[in-house]
Each structure stands twice: as structure tokens, then as C-alpha cells.
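As C-alpha cells, the structure follows; a few thoughts come after it.
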Amino acid sequence: MNKKRPVNLDISTISMPVTAIVSIIHRVTGIILFIGLIFLLYAFDVSLESQQGFDQVVNMLQTNFLAKFVIWGVVSALMYHFVAGIKHLFMDLGHFEELESGRNAAVANIVIAVVLIVLAGVWIW
């Protein structure tokens with residue numbers, strides 16, 4: 001075993017490349033979508049039970065800050081996950097595999113996702 005090997009256990013000092021950040025956020029948004037689906041299915045179930053249930057869900061989504069925030073979070077995760085998924089499909093076709101083009105695609109992914117998330121926020125609020 002090489003005892004001269006550097007060991008860095010302080011995560012805050014590690015500089016992550018933008019491609020790694022995009023990949024990690026893509027995984028996190030997948031988890032958010034999975035958990036958010038529970039809330040969406042519950043609201044869907046309540047809205048289909050009766051007219052009163054539908055009115056209750058509509059009223060909640062129009063007046064309740066927390067409900068709007070949850071919906072915006074799920075839609076934001078969906079937007080980011082969708083854009084990153086499209087980038088991954090292009091990578092599967094052999095594009096953006098070089099270091100510079102991969103970096104540019106990751107930056108474009110973030111920019112496009114932020115624009116879509118802001119537009120979703122304007123639409124929801």
C-alpha cells in the first residue's frame with residue numbers, strides 16, 4: 001500500500017466540474033419527481049372523487065402557498081430532468097462526448113433549465 005497517497009476528506013475543498021454537478025442534480029431531480037408523484041397522485045385522486053373534491057383541489061392550488069410551492073418544485077424538477085434527459089439522449093447518439101463540448105452542453109443544460117423553471121414559476125404564481 002502506498003503511504004504517500006494524498007487523502008482529502010474535506011468535501012468542501014473538492015472542486016466539482018460542471019458536468020458532475022449537472023449529473024448529480026439530474027439524479028436528485030429524479031428522486032424529487034418520485035417523491036412528488038405521491039402528492040400529485042393524491043391530489044388527482046381527491047379531484048376525481050367528486051365535484052367537491054375537485055373544487056377543493058382547485059381552491060388549494062389557487063390559494064395555498066405550500067401547495068403552489070410543492071407544485072412548482074415538482075414542475076421545476078421535471079423541467080430540469082427533462083432537459084438533462086434530452087442531453088443524455090444526444091450523448092447516447094455520440095454527441096457532446098469530448099471534454100469541451102460536454103462542458104458546453106452541461107452549461108446549456110443549466111441555462112435552459114433555469115429559463116424553463118422561471119417560466120414555470122411565472123405560470124404557477
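Quick caveat: nothing in here was measured; it's all calculated off a predicted structure.
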### Query
Hey, are the side chains of Lys87 and Val83 touching, using non-hydrogen atoms and a 4.5 Å cut-off?
no

### Task
State, yes or no, whether a side-chain contact exists between Phe90 and Ile86 at a heavy-atom distance under 4.5 Å.
yes

### Query
Looking at CG of Asn104 and CG of Leu99, how far apart are the two atoms once the value is rounded to the nearest 0.5 Å?
9.5 Å

### Task
Would you please indicate yes or no on a ring centroid separation below 6.0 angstrom for Phe65 and Trp125?
yes

### Task
Tell me whether Phe44 is reachable from Phe54 by hopping between hydrophobic residues (I, L, V, M, F, W, Y) whose side-chain heavy atoms are closer than 4.5 Å.
no

### Query
Are the side chain of Tyr80 and the backbone of Val22 linked by a donor-acceptor contact shorter than 3.5 Å?
yes

### Query
Under a 4.5 Å side-chain heavy-atom rule over Ile, Leu, Val, Met, Phe, Trp and Tyr, are Tyr42 and Met60 clustered together?
no

### Message
Are Leu61 and Ile124 connected into the same hydrophobic cluster when the rule is that any two of I, L, V, M, F, W, Y join if their side-chain heavy atoms are below 4.5 Å apart?
### Response
yes

### Query
Of all heavy-atom pairs between Glu97 and Met91, which one has the smallest distance, and what is that distance?
OE2-O, 3.1 Å

### Summary
Output for pair (Ile110 CD1, Ile25 CD1), nearest 0.5 Å, gives 6.0 Å

### Message
Starting from Phe82, can I reach Val28 by hopping between I/L/V/M/F/W/Y residues whose side chains sit under 4.5 Å apart?
### Response
no

### Query
Within the distance-only criterion (no hydrogens, no angle test), does the side chain of Ser76 pair as donor or acceptor with the backbone N or O of Trp72 below 3.5 angstrom?
yes

## Note on the structure
Residues Gly102 and Thr19: closest non-hydrogen pair is O-CG2, 3.7 Å

### Summary
Rounded to the nearest 0.5 angstrom, the CG-CD1 distance for Leu40 and Ile71 is 5.0 Å

### Summary
One should read off an interatomic distance between Met16 CE and Ile24 CD1, to the nearest 0.5 angstrom, of 3.0 Å

### Query
Looking only at heavy atoms, which two atoms of Ala77 and Ile32 are closest? And how far apart?
CB-CG2, 3.7 Å

### Task
Quick one: pull up CZ in Arg27 and NE2 in His81 and give me the separation to the nearest 0.5 Å.
10.5 Å

### Query
According to a 4.5 Å side-chain heavy-atom criterion applied to Ile, Leu, Val, Met, Phe, Trp and Tyr, with indirect links allowed, do Leu93 and Phe96 form part of one hydrophobic cluster?
no

### Task
Could you tell me which non-hydrogen atom of His26 sits nearest to which non-hydrogen atom of Ala84, and how far apart they are?
CD2-CB, 3.1 Å

## Note on the structure
Smallest heavy-atom separation, Ile117 atom then Met79 atom, equals CG1-CB, 4.3 Å

### Task
Specify the closest pair of heavy atoms between Arg103 and Val18, including all atoms of both residues, with the distance to one decimal.
CG-CG1, 3.5 Å

